[in-house]
Protein chains: 2
Amino acid sequence: MTLDDIDSRIIRVLTTDGRASYGTIGAEVNLSAPAVKRRVDRLRARGVIAGFTVRVDPGATGWDTEAYVELFCNRRTSGEEILRRAQTYPEVVEAFTVTGDADALLHVFASDMHHFERVLSEISAEPFVARTRSVLVLSPLLRREFLTM
Amino acid sequence: MTLDDIDSRIIRVLTTDGRASYGTIGAEVNLSAPAVKRRVDRLRARGVIAGFTVRVDPGATGWDTEAYVELFCNRRTSGEEILRRAQTYPEVVEAFTVTGDADALLHVFASDMHHFERVLSEISAEPFVARTRSVLVLSPLLRREFLTM
DNA sequence: TCTGAAACGTTACCAGA
DNA sequence: TCTGGTAACGTTTCAGA
């Protein structure tokens, strides 16, 4: 459950470069390549490392409209139902149930305002959605991975 | 600026497995390994691919407290200043300036409620912060990478 | 696109704490 | 027993033709 110092340093290197070779990582943490691989395999098996991905800049592909949409549900809607429907929108990258007056929070990307407007109206038309409140992102200031510290 | 179909498919594979070999990707998109590498290099050069990372599950490391913190600033605070201060908190993984009554939105991870309370009080004590409003995440339903579609 | 050398991933086996 | 190192081998990367 708890990570030792070397595990944290390995994750830190992989956060910076997810394709770093085991040898390169080993040079930074003073371990041989196989030893690093063994630790990475163990971290994957424990679920600490969920996987590896590419970081795509939505802005560079023209998807420069980003928003958080709060969902107010008209009856006790289960998280499973929200997930099942949210998944069908490729524009929705994150979904949470939350505290506060809203029931759920969606993180949405769209290519432009018209696209966002269309997605929002589709989401609003979901049977379990009573109303929505959107917060549009003006400038993304900081975007980084969770770090184990 | 615009991605062709093969670029999108390459990114889709890399989203699933950021460490996939060029040969493996090539098998999926019907391209030779060097051809895939050229495209990936070009996507990196264009900024579409910002980099590669490891996806760490905060919950697996015991960091199961997650929140969005809305920042209300008492004077016209610049995005640069918010960024400069937000960066100093390792708990803050995202920061945006936003529309609506709040000025900025922070995405925060903490090891537990006490930890979150401490971070929140530190953020609230920042000179440019008038007040904050927090939305705690109850259940993370969906978490995926932005996809170019 | 092809090819060959260098680098890398992966497994097996061994040593020390 | 657990963790790491070394060696060996097949695969991948990558540059040059």
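Below, chain A is the first sequence line, B the second, and so on; all start at residue 1.
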Between atom [atom1] in [X] and atom [atom2] in [N], what is the gap in whole Å?
X      : N       : atom1 : atom2 : result
D4(A)  : dG4(D)  : CG    : P     : 8 Å
R44(A) : dT10(C) : CZ    : P     : 10 Å
N30(A) : dG4(D)  : CG    : C1'   : 13 Å
D41(A) : dC2(D)  : CG    : P     : 17 Å
Y22(B) : dT1(C)  : OH    : P     : 17 Å
D17(B) : dG9(C)  : CG    : P     : 13 Å
I25(A) : dC8(C)  : CD1   : C1'   : 12 Å
I6(A)  : dG5(D)  : CD1   : C1'   : 13 Å

Answer yes or no: does a side-chain N or O of K37(A) lie under 4.0 Å from OP1 or OP2 of dG9(C)?
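It does not, given that no N or O in the side chain of K37(A) lies less than 4.0 Å from OP1 or OP2 of dG9(C).
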According to a strict under-4.0 Å criterion, is R42(A) in side-chain N/O contact with OP1 or OP2 of dC2(D)?
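No, because none of the side-chain N or O atoms of R42(A) sits under 4.0 Å from OP1 or OP2 of dC2(D).
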Return the 5'-most residue of the pair A33(A), S32(B) with respect to DNA chain C, ranking by each residue's nearest nucleotide.
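Mapping each residue to its closest nucleotide by heavy atoms, the 5'-most match is S32(B).
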Closer to the 5' end of DNA chain C via nearest nucleotide, is it S21(A) or P34(B)?
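Nearer the 5' end of the strand: P34(B).
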Strictly by modelled atom types, are S121(B) and S124(B) linked by a side-chain donor-acceptor pair under 3.5 Å?
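Short answer, no.
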Quick one: is the NZ or CZ of R19(A) closer than 6.0 Å to the six-membered ring centre of Y22(B), and within 45° of its axis?
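Yes.
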Report which part of the nucleic acid R38(B) touches: base, sugar-phosphate, or nothing (heavy-atom distance under 4.0 Å, all strands).
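Base contact - R38(B) has a heavy atom under 4.0 Å of at least one base atom.
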Any chance the rings of Y68(B) and F96(A) have centres within less than 6.0 Å?
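That pair passes the under 6.0 Å test.
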Ring center gap for F52(B) and F52(A) short of 6.0 angstrom:
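No, ring centres 6.0 Å or more apart.
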